[in-house]
Amino acid sequence: MPYPKDKTYRGRIAPTPTGRLHSGHAATFWKAQERARDRGGQLLLRIEDIDKARCKPEFVAGCIEDLKWFGFSWDEGPDLPHSLHAPYYQSQRIPHYREALDRLISIGAAYRCHCSRKDIEQAVRAPHAADDEIIYPGTCRPPHRTKTSPPAKQQYCWRFKVPDGVRVGFEDGRKGPCEFVSGTDFGDFVLWRADEVPSYQLAVVVDDHMMRITEVVRGEDLLVSTARQLLLYDALQWEAPAFFHCPLMMDEQGNRLAKGHQSLSLQALREAGQTPESIRKEWPGT
Ligand code: GLU
């Protein structure tokens, strides 16, 4: 059955250029493109390159090349002049993230954390698979939502103060009703690292809001992150988009396809003579 037309539908594909794209990324992005096109809506391309140490310019170029070869096209993006919501590189949008952080600080929803842990380093990446943020034990957490004390000399990151025991529910476009409990399924998460790098959670919410995204299509390993992000929308008093979580693609050993699977990169598949059509035929459920 054809979908009702919705010219206000705005979707996005948001690759992180830490390597070449593989078939699993393409499957999620393809769903995002289909959902936008089926509704007569718009699709934008945003490059999520805040993790400067890992995002290399050659991967950015490679990513755009792979997407175009595969048959993706977008209505707004870094390569299209006159796109309304430029810049489309997260690395060029830091002041927007800082503004949102300052708002969260001013309402007492963020606090300084002096703990130095691996999850603070990891916070700039979308937490796929087993690298999700650990539940923060609350060492630096102030008891109430209060204005924070003057900066200490020690280095610190900013964490979001997650309310205890709140049920965060949403209706997923594919999975139906989903629910997570804050403080149990996830804890106080990093908003901003000590080295002035915003976290994935903060950056993605600010961008999806500012770019007027109406539906986020992403892999289902980000379900818990969606719950975190819903709390950010709430704190910032922004309307949240709808969500559609795609199944993950696994390798033969049952591991999620990741950038390490070089043989399944679109580039390698293309060099091996595969076409976008033949790659799509191998996706489950197509
Ligand atoms: N750039 C993120 C990734 O590649 C996108 C995640 C999201 O859809 O929010 O994992």
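Order of appearance sets the numbers: ligands from 1, and atoms from 1 within every ligand. Note: hydrogens, waters and symmetry copies are ignored here, and every other heavy atom, side chains too, is used. One is the number of the first residue; the rest follow in order along the sequence.
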For Asp188 and Tyr111, the nearest pair of non-hydrogen atoms, with its separation, is OD2-OH, 2.6 Å
One finds that the ligand 1 atoms under 4.0 Å from a non-hydrogen atom of Glu48 are 1 (N), 2 (C), 5 (C)
Counting each atom of ligand 1 from 1 as listed, which ones have a heavy atom of Tyr200 under 4.0 Å away?
-> 6 (C), 7 (C), 9 (O)
Side chain, backbone, both or neither: which part of Arg12 comes within less than 4.0 Å of ligand 1 when only heavy atoms are counted?
-> side chain
Enumerated ligand 1 atoms positioned under 4.0 Å from heavy atoms of Leu222 | 6 (C), 7 (C)
Check whether Tyr156 and Tyr97 end up in the same hydrophobic cluster, where Ile, Leu, Val, Met, Phe, Trp and Tyr are linked by side-chain heavy atoms less than 4.5 Å apart.
-> yes
Could you see which bit of Val204 sits under 4.0 Å from ligand 1, with heavy atoms only: side chain, backbone, both or neither?
-> side chain
Can you find a pair of side-chain heavy atoms, one from Arg12 and one from Val204, that are under 4.5 Å apart?
-> yes
Please set out all donor-acceptor pairs under 3.5 angstrom arising from side-chain atoms of residues 53-67, sequence neighbours excluded.
from	atom 1	to	atom 2	distance (Å)
Lys56	NZ	Ala53	O	2.9
Glu65	OE2	Arg270	NH1	3.3
Asp66	OD1	Arg20	NH2	2.8
Asp66	OD2	Arg20	NE	3.1

Keeping to residues at least two apart or across chains, list the ring-ring contact (aromatic ring centres under 6.0 Å, His included) pairs with something in residues 200-222.
-> His209-Trp238
